[in-house]
2 protein chains.
Amino acid sequence: MPASTSAPADPHRHDAKPRRRVGRPAAAVLDQDGITLAALQLIGKSGYDGFTMAALARTLNVAPSALYNHVSSKRDVLVLVQDHLTSFVDVSAFDAEPWDRAVRSWAWSYRDVFSKHTPLIPVIAVLPVTDAPKTLAMYEAVSAGFSRAGFPQERIISAIVALESFIFGSAYDVTAPADIFDSGSMAESTPNFTAAVARLADQGHENQADVAFELGLEALIAGFGALRG
Amino acid sequence: MPASTSAPADPHRHDAKPRRRVGRPAAAVLDQDGITLAALQLIGKSGYDGFTMAALARTLNVAPSALYNHVSSKRDVLVLVQDHLTSFVDVSAFDAEPWDRAVRSWAWSYRDVFSKHTPLIPVIAVLPVTDAPKTLAMYEAVSAGFSRAGFPQERIISAIVALESFIFGSAYDVTAPADIFDSGSMAESTPNFTAAVARLADQGHENQADVAFELGLEALIAGFGALRG
DNA sequence: CCACTAAATGAATGCCGTTCATTTAGAATT
DNA sequence: AATTCTAAATGAACGGCATTCATTTAGTGG
């Protein structure tokens with residue numbers, strides 16, 4: 001039975017003695033960290049389409065079935081990758097800057113990390129925090145920042161969830177084709193929409209996803225900021 | 001070459017004569033509408049895991065390969081389903097109610113429709129509007145409402161995109177397990193987060209996803225409402 | 001009646017994630 | 001040093017998947 005994707009040190013029995021290893025421990029070719037890093041590298045090189053268990057095994061010079069001694073499914077690997085990526089999200093501003101600036105830098109960083117990994121979003125969005133320790137650590141840092149800023153306790157989680165939802169949705173936008181709003185031959189039947197698209201284009205912003213993200217994020221920050229005690 | 005998922009009536013040549021049908025038109029067993037409805041029904045009964053091209057063909061009493069005369073890929077079927085579902089999103093309030101109330105009812109309805117179809121979100125989020133006429137119609141209704149409410153033209157699209165991003169992200173939350181924030185054995189190392197989760201639970205809301213959605217939506221409505229001229 | 005062709009079939013392809021019986025090799029115990 | 005134990009590797013196999021393609025079928029326009 002392979003270790004599931006939970007805490008790395010697994011007490012699991014009540015006494016806290018250092019785990020006694022039996023069997024053949026030392027020269028293992030594979031472990032969860034190695035798998036995670038190889039997966040991340042493979043995804044970087046081949047994308048999520050090229051990310052298969054067989055391909056992952058190949059980069060590790062191992063048979064595909066060997067992976068299943070350390071991981072219980074492909075989804076499990078994705079969870080490991082997700083949690084690893086979350087450690088790249090910058091929460092440092094919550095220690096050093098006022099609340100609104102901290103939220104801003106956290107949100108932009110969070111969106112940027114996962115806009116390159118949108119296939120993970122359906123996984124993260126419904127993942128129990130117990131299965132992702134680094135993600136939990138991020139939540140702790142953010143919660144602490146909200147708390148310190150005088151946010152009412154009972155609304156902290158809801159506010160974070162709302163921000164996160166906006167961030168995940170916005171991560172998809174980054175990957176959308178530039179002409180996603182070109183109404184083409186149906187322009188005559190959609191005058192208001194077509195006009196609005198044209199007016200946005202007039203502004204000549206290189207990156208429309210950033211404009212929408214900033215607009216929404218500032219509204220959320222302003223709205224939530226008003227809740228602080 | 002099967003018709004791609006674009007406008008149902010395909011001019012494609014400059015003269016507007018009614019398309020001349022040749023060959024064997026009348027008694028076709030299959031068409032895009034029939035495929036769409038059968039797909040929606042199958043998804044309702046078997047979920048997205050049970051939704052395979054083979055299963056879809058079976059419900060239509062047809063060989064799997066026959067589908068490819070009307071649809072170019074499984075993704076294509078998903079696009080058809082997505083566009084069909086979008087016609088269930090309620091935009092009627094934009095004709096009858098003040099802007100903020102209209103946005104509210106549209107957003108809740110939009111979230112509710114797709115919270116039952118989250119696997120479509122990665123498809124919708126990056127789909128050119130040309131490939132989804134009913135979705136385009138929704139955008140037109142919403143754009144018209146924003147315009148009528150005195151919203152600055154050049155910001156209408158960005159505001160809609162931001163709202164949509166929040167809606168998509170929030171649709172995932174609806175499907176998340178209830179104990180998603182239970183930090184389990186790591187509670188001691190995450191005191192702020194754990195306390196905030198407990199305080200939210202104290203409130204005893206049956207549905208935490210709704211609370212977060214409302215909080216975020218109201219912030220966005222308030223923030224965007226201030227932009228109106 | 002003929003020619004044409006859209007739309008159906010059914011077999012085949014290549015890939016996928018995953019399972020399982022089996023082997024291997026090093027540590028722990030004696 | 002020999003024996004025992006077992007985590008971790010292998011490789012073959014499985015069922016299922018989306019998709020392709022040569023072929024057949026059956027109406028329609030000429």
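Residue numbers start from 1 in every chain, and the chains themselves are labelled A, B, ... in the order their sequence lines are given, proteins ahead of strands.
- By the ring pair (Phe, Tyr, Trp, His ring centres under 6.0 Å) test, Phe193(B) pairs with Tyr139(A), Phe181(B), sequence neighbours left out.
- In this structure, CD of Gln32(B) is placed 11 Å from P of dA7(C), rounded to the nearest angstrom.
- One finds a side-chain N or O of His70(B) lying less than 4.0 angstrom from the OP1 or OP2 phosphate oxygen of dA8(C).
- In this structure, the salt bridge (Lys or Arg N to Asp or Glu O under 4.0 Å) partners of Arg199(B), at least two apart in sequence or on a different chain, are Glu154(A).
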Show each protein N/O and nucleotides 15-17 of chain C N/O combination with a separation under 3.5 Å, one pair to a line.
unit_1	atom_1	unit_2	atom_2	d
dG17(C)	OP1	Met53(A)	N	3.4
dG17(C)	OP1	Lys74(A)	NZ	2.9
dG17(C)	OP2	Met53(A)	N	3.0

**Request:** Could you go through the salt bridge (charged side-chain N to carboxylate O under 4.0 Å, His left out) check for Asp173(A) and Arg111(A) one step at a time?
**Result:** CA-CA 10 Å; Asp173(A) 293 336; Arg111(A) 187 203 68 147; over 6 Å; no

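- Contacts of Ser158(A) classified as side chain to side chain donor-acceptor pair (under 3.5 Å), with partners at least two apart in sequence or in another chain: none.
- For Asp182(B), there are no salt bridge (Lys or Arg N to Asp or Glu O under 4.0 Å) partners two or more places apart in sequence or in a different chain.
- A donor N or O paired with an acceptor N or O is not found under 3.5 Å between the base of dA7(D) and the side-chain atoms of Asn69(A).
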Strictly under 3.5 Å: I want the nitrogen or oxygen pairs between protein and nucleotides 11-14 of chain D, one per line.
unit_1	atom_1	unit_2	atom_2	d
dG11(D)	N7	Ser65(A)	OG	3.2
dG11(D)	O6	Ser65(A)	OG	2.4

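- Every residue meeting the side-chain contact (heavy atoms from CB on, under 4.5 Å) condition with Ala55(A), not counting sequence neighbours, appears here in chain and number order: Leu42(A), Thr52(A), Arg58(A).
- The distance from atom CG of Leu78(B) to atom C1' of dA18(D) is 12 Å, rounded to the nearest whole Å.
- Residues passing the ring pair (Phe, Tyr, Trp, His ring centres under 6.0 Å) test with Phe114(A) are Tyr110(A), sequence neighbours excluded.
- Following rounding to the nearest Å, Leu67(B) (CG) and dT9(C) (C1') show an atom-to-atom distance of 12 Å.
- Every residue two or more places apart in sequence or in another chain was checked for a salt bridge (Lys or Arg N to Asp or Glu O under 4.0 Å) with Asp179(B), and none qualifies.
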